[in-house]
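First comes the structure, then the notes that go with it.
FYI, side chains are in, hydrogens and waters are out, and symmetry mates aren't considered; it's all heavy atoms of this structure. Here, residue 1 is the first one in the sequence, and each next residue gets the next number.
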Amino acid sequence: MVMIRVPSTESLLATADDALVELIPENDFEVYKCEHDEMETWLFHNQQDKKKPGYQESFSQCTVTAFTEMVLVRPENLQQYVNGQLADLVSNDVLLSQQARQKFSADLQKILITEATYDQFHRFDVNDSMGGSRLKEMFLFRHRKMPDGNVAIIFSYFGAQQFIQTWYFLVANHDPAKVKKWLCYKLFENIMAKMRSLVSRPSSSYRRQLMQ
């Protein structure tokens, strides 16, 4: 009988730890959280804007999409896994922009021909015409071949798009650096939530600090 060692969840979590640090360096967490909270209020809960005549009627649609995946895949199942993700997430236009879908598709297919991938994509577009839109999206993608031959795959996506009818967005009022920190924090939160579902006793000091 051939014994097959089941890979430890901790090897997957170690890959996720690297992703967390890539998004938000440990010493900068409070800065990113503060920037996120301020941006969240400004984008979606701005009381001054809500008091203006026509606010409710102007915002015609808001779409928010988020997903996070953390899996270990056996090498003989990689093609099936990639095909499934392409069908579910790319072909069904789950990612908000065509540019994000193309980049995500390319990263998925790199799993089949490379031993490791570390990629990040973010997009921020403001259409400042009357009845314009505002798109903010980002994903982080990582895969790594483990010593036992299995492949750790981690990706997280967050996207938000708002449409207005009678108002218009002011490009000058948007700080791209703050928007990116807001997006980084969104991904960070989503990855942490997935990690909490996988383990109750974190091993890394960064995770222990955030899971307290």
Salt bridge (Lys or Arg N to Asp or Glu O under 4.0 Å) filter on Glu38, not counting sequence neighbours, yields none

Got more than 12 heavy atoms from elsewhere within 6.0 Å of [atom1], [X]?
| X | atom1 | answer |
| --- | --- | --- |
| Lys33 | NZ | no |
| Gln80 | CD | no |
| Glu115 | CD | no |

Side chain to side chain, [X] and [Y], heavy atoms closer than 4.5 Å:
| X | Y | value |
| --- | --- | --- |
| Val31 | Cys34 | no |
| Gln98 | Lys103 | no |
| Val151 | Arg74 | no |
| Phe67 | Leu95 | yes |

What I want to check is whether the side chains of [X] and [Y] have a donor and an acceptor closer together than 3.5 Å.
| X | Y | value |
| --- | --- | --- |
| His36 | Lys181 | no |
| Glu35 | Tyr185 | no |
| Ser133 | Gln162 | no |

Per the side chain to side chain contact (heavy atoms under 4.5 Å, CB included) rule, which among Leu78, Leu12, Thr117, Val82 passes with Ile153? Leu78

Non-hydrogen atoms of [X] and [Y] that approach each other most closely:
| X | Y | value |
| --- | --- | --- |
| Ile191 | Met70 | O-SD, 4.3 Å |
| Lys110 | His143 | O-CE1, 4.0 Å |
| Leu43 | Lys136 | CD1-CE, 3.8 Å |
| Leu96 | Tyr157 | N-OH, 3.0 Å |
| Leu140 | Ala19 | CD2-CB, 3.6 Å |
| Val179 | Met39 | N-CE, 4.0 Å |

The single option from Phe158, Trp42, Tyr32 passing ring-ring contact (aromatic ring centres under 6.0 Å, His included) against Trp182: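 In the set Phe158, Trp42, Tyr32, the residue that makes a ring-ring contact (aromatic ring centres under 6.0 Å, His included) with Trp182 is Phe158.
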
Apply ring pair (Phe, Tyr, Trp, His ring centres under 6.0 Å) to the pair Phe29 and Phe188, showing each step before the final yes or no. CA-CA 10 Å; Phe29 178 77; Phe188 191 99; 5.6 Å; yes

Who passes side chain to side chain donor-acceptor pair (under 3.5 Å) against [X], sequence neighbours left out?
| X | result |
| --- | --- |
| Asp93 | Arg101 |
| Lys180 | none |
| Ser105 | Gln109 |

Calculate, to the nearest 0.5 Å, the distance between atoms [atom1] and [atom2] belonging to [X] and [Y] respectively.
| X | Y | atom1 | atom2 | value |
| --- | --- | --- | --- | --- |
| Ser156 | Glu189 | OG | CD | 10.5 Å |
| Gln85 | Ser91 | CD | OG | 11.5 Å |
| Ile24 | Glu30 | CD1 | CD | 10.0 Å |

Glu69 bridged to Lys194 by N-O distance under 4.0 Å: no

Leu86 vs Leu108, test: side-chain contact (heavy atoms from CB on, under 4.5 Å). Steps then yes/no. CA-CA 8 Å; Leu86 287 172; Leu108 278 170; 3.8 Å; yes

Going through the checks in order, is the side-chain contact (heavy atoms from CB on, under 4.5 Å) test met by Gln161 and Arg134? CA-CA 6 Å; Gln161 190 167 25; Arg134 181 168 61 188; over 6 Å; no

Under the side-chain contact (heavy atoms from CB on, under 4.5 Å) criterion, do Val94 and Asp88 qualify, and how do the steps go? CA-CA 8 Å; Val94 176; Asp88 291 344; over 6 Å; no

Can you list the steps and then say if Arg142 with Asp18 is a side-chain contact (heavy atoms from CB on, under 4.5 Å)? CA-CA 9 Å; Arg142 279 177 171 259; Asp18 293 339; 3.5 Å; yes

Less than 6.0 angstrom separating the ring centers of Phe155 and Phe139, yes or no? no

Got a list of side-chain donor-acceptor pairs under 3.5 Å for residues 121-128, not counting sequence neighbours?
unit_1, atom_1, unit_2, atom_2, d
Arg123, NE, Asp125, OD2, 2.7
Arg123, NH2, Asp125, OD2, 2.6
Asn127, OD1, Ser129, N, 3.0
Asn127, OD1, Ser129, OG, 2.6

Contacts of Met146 that satisfy side-chain contact (heavy atoms from CB on, under 4.5 Å) - sequence neighbours left out: Ser11, Thr15, Leu72, Arg144, Asp148, Ala152

